[in-house]
Amino acid sequence: MINLRNVSKFYYKKGMIASGISKVNLQLDMGEFVVITGESGSGKSTLLNVISGLDTYEEGEMYIDGRQTSHFMEKDFAEYRKKYIGNVFQNFNLVGSYTVYQNIELILLINGYNRQDIKKRVNEILARVDLTSHAKTKASKLSGGQKQRVAIARALAKETDIIVADEPTGNLDSASAEEIVKLLHEISKDKLVIVVTHNYEQFAPYVTRKIKMHDGKIAEDLRVNQGAPVVAEESAEVQATGKPARTRKRATGKISAGSKLRLGLRNTFNVVPKFVLLLIVFTFVCAAVSSQYTSYLAQRAEAGNLGYNSYFINTSLDRIVLKKADNSKFTAEDYESISNVYNVKTVAEYDILLDMSIYLGDDEFYYDVAPRSIDEFKGKLVAGRMPAKPGEVILSGSKDDYNLSGDMLGKNLNREYQVQYSIMERTMKLTVVGIAYKKQADSLSNVTDVYMDNNYLNDIMAETYHDHSDLKVTINKKVQEVYAGDSMYNILPSNQVDEGKIVTSAEVGNYYKDGKATGKNIKVKVSNIYYEKAKELEVQGTYNKKNFDKYSDLDFEMYSGIMFVNPKDYSKFFTHDNYQASVYVQDKDIVDETKVALETLGYVALPIKDVLIQIISDVVAMLQLPIAIIVILGLFFIAYFVIRLILRSRTGYFSILRMLGMNMKAMRRITDVELLVVMTLAYGIFMAVAMLSTYGYIHVEQIVNLVKYMKPVHYGILYGVLLIMSYLISGKFSRSLFKKSAMGTYREVE
Ligand code: ADP
Ligand code: MG
């Protein structure tokens, strides 16, 4: 069975070589009950470890069932241990938090036995070691003798040929020791049992062979107790060519996924303080990650709430931007009541235009101007005349502006400019007929204003809404999203289209079975921060390259995906109604009081001075993502160290698993399960608290604020982040366990 030929083992310690065993020759066979004795340091443990494949040897050859082992790698020895060796330890190495049954079951799970076999086998073995009545007792509650019986039962469960035990009675009183010796003797009848002890007397009546070690060498090798089966020593040659390795009926030898799951779940709950601690850590991580994440969402949402005014061109400190709490449009009554508020100097009705600029230019001149209503013009002309026709405008700017003074002034007069006023490149023609200088005090901003006819202004406003709205069209049940500024499925007004109708590209016909778009209905839906409007329009006809110019003077190649609607429908989608207004205050120092007064009237008021701070915090918001990532990484490491600290308390458990032959991957899966379960529970707790406080059952304001911006998808993302975190922590932890060699782990437990 086992044959050692001139085997030596050296230990290297601080440059010194110490001999563990030297030139040992030994043949051991089934049915033997071998005891190795000798004084301390004589090499007993070393010999046993070499035999059981826990330690390597440097010289000689060890044969196992005739096979040479000198070329074995660590994994070959692991395989050998798994197949041949059952270990019994001086300090039992049981999982204290597992029951007797579970301790024995564990090794069978690791070795891939199936469920039915396990149950039968564990119960058989429990009966054999006389522990049936203790099956459900936790291992930590047993006496020393009982523990060692469980350990022997576990060694037996695996059905290995060899049982090795290093000082199995070392921690037992004499009565318990006697019991264990008898048990070992009994099992030696169909196995090879090798025991190391310094207390030979305890074993003397039962053993079949006594080996005494001295100074790393076998000093005495005696067969004792006549009648016990002693097999004659065979020659090394015979062994070397010997019998084939035994084949066995056993199970897969690999732990199944179901077993990993079961062990993971069992480990999650069986040590209550550890479970609670982990749960607390994970709940904390959950709260910290989500607060980090939601503060990022909140920042973004706040920036989004400001609509297209998140970036104001007109940043007068005496300006307050208003919208109605219900997002409805401003009426004459609104303007009336606003203007009556104390400290309000003027009300600007066309508010969004305050922050808009349009390009006015020709081959020579190029301006960035702010559109204004001619009704608001109060200044005095320095050149030209007041407009007489809709396309005529007045330019008003600083007299220091190069384009508006000196020679240039004359050149600007009566010039016709092309004006581009939307990202859809819509243009209008405006002729400058008058020029005025702004008084410094009147100046709303330092841009040049262009005062124009209200119809033109309305058109520009409608385009502003177009630029800032989400547009979706539904063609034959398929929803098409239109990207801002993109022509595909976008809409433009055309006089050639009847009200309630739409004209599309001929290609839209491809959406329908009959290949024709004409007569079908297309739904157009417009939404922005103030309103949502949808309408079904019937396709009046389609265009192609040839007749495109009937509908528009735009370039067909660039706009071939566009759809045309009647100008009336267009202006219903993109109204020029005012959903936002601004007031200018008399006294800048009491802006905050005025803000409160306006809020009392039911408006949402945003003083520009606060927005300037907001702009700074927009920069912060931009920095938030990387910061969030850094914080989450920081949390990850804190969590990792805390969790590792907690799991450290279970290094013993993992060492046992490893000694019982579990590989790193399986141990990692078990840890995965445990951390995932705890994490999910913590997430559940966090969610429950969040829900309860959202619906007012408990009042935790921080949490209400925290979850305000969370949409279902964000909960998903949050869970994903936590999932990845647990997975990484588990991986890191399992790898740290396997940094030590099997023997290192083994020694640590001992
Ligand atoms: P025993 O079990 O009989 O007390 P060991 O097999 O443990 O003896 O030790 C045999 C010799 O090997 C002793 O001299 C001991 O100092 C040395 N030895 C054992 N283990 C180690 C080790 N891990 N590192 C260095 N020397 C060791
Ligand atoms: Mg020893």
Side-chain angles (χ1 to χ4, degrees), residues 2 4-26 28 33-62 69-70 72 74 77-78 80-81 85-93 144 147-148 151-152 155 162-172 177 180-181 184 192-204 207 209-222 651-652 655-656 658-659 738-750:
I2 301 267
L4 280 75
R5 292 290 125 195
N6 290 321
V7 171
S8 299
K9 157 90 196 163
F10 306 110
Y11 290 108
Y12 303 90
K13 209 175 199 176
K14 293 178 187 153
M16 302 269 289
I17 300 178
S19 171
I21 50 172
S22 70
K23 302 228 180 292
V24 168
N25 285 290
L26 190 60
L28 300 168
F33 185 5
V34 183
V35 161
I36 304 172
T37 65
E39 70 265 30
S40 183
S42 58
K44 305 185 294 289
S45 299
T46 306
L47 178 59
L48 194 70
N49 292 341
V50 167
I51 290 172
S52 55
L54 277 168
D55 254 354
T56 50
Y57 56 93
E58 277 80 34
E59 272 181 19
E61 183 64 76
M62 176 166 76
T69 61
S70 51
F72 269 25
E74 164 63 30
F77 275 118
Y80 160 63
R81 286 198 300 272
I85 307 290
N87 281 95
V88 176
F89 304 91
Q90 179 171 357
N91 60 356
F92 326 122
N93 286 341
K147 280 183 186 163
Q148 199 57 299
I152 292 170
I162 307 172
I163 303 282
V164 300
D166 197 342
E167 302 281 3
T169 58
N171 284 347
L172 302 178
I180 294 304
V181 173
L184 287 171
L192 165 59
V193 175
I194 312 168
V195 173
V196 162
T197 183
H198 61 269
N199 193 348
Y200 177 67
E201 281 65 44
Q202 273 181 345
F203 291 82
V207 298
R209 193 162 168 187
K210 177 189 178 190
I211 294 173
K212 192 165 178 195
M213 296 292 292
H214 180 71
D215 221 3
K217 292 195 167 67
I218 296 178
E220 189 179 58
D221 185 355
L222 280 181
T651 318
S655 306
I656 291 171
R658 195 169 167 192
M659 270 178 311
F738 267 75
K739 274 201 194 110
K740 290 191 211 94
S741 70
M743 196 56 208
T745 323
Y746 171 89
R747 287 201 178 100
E748 195 169 273
V749 181
E750 274 206 320

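Counting starts at 1 for both ligands and their atoms, in listed order.
- Side-chain contact annotation: T37 with K44, donor-acceptor N/O pair under 3.5 Å absent.
- Assignment of G38 to the shell around ligand 1 is not supported, since no heavy atom sits closer than 4.0 Å.
- Residue S40 approaches ligand 1 through these ligand atoms, each under 4.0 Å from one of its heavy atoms: 4 (O).
- Remark: ligand 1 and G20 share no N or O pair separated by less than 3.5 Å (distance only, no angle test).
- Within ligand 1, the atoms closer than 4.0 Å to a non-hydrogen atom of E39 are 3 (O), numbered from 1 in the order shown.
- Across the listed options S19, S45, G216, A18, S19 owns the non-hydrogen atom lying nearest to atom 11 (C) of ligand 1.
- Side chains of E58 and S8: a donor-acceptor N/O pair is absent below 3.5 angstrom, by distance only.
- Among the atoms of T46, no N, O or S atom falls under 2.8 Å of the Mg ion (ligand 2).
- Atom NZ of K212 has 12 or fewer heavy atoms from other residues, nucleotides or ligands within 6.0 Å.
- How far CG of N91 is from NZ of K147: 10.0 Å, rounded to the nearest 0.5 Å.
- Contacts with ligand 1 closer than 4.0 Å are made by no heavy atom of M213, backbone or side chain.
- Between F77 and I85 there is no side-chain heavy-atom pair separated by less than 4.5 Å.
- Considering only heavy atoms from C-beta on, N25 stays 4.5 Å or farther from I218 through its side chain.
- Close approach of ligand 1 to T46 is summarised as follows: ligand atoms under 4.0 Å from at least one heavy atom of the residue are 5 (P), 6 (O), 9 (O), 10 (C).
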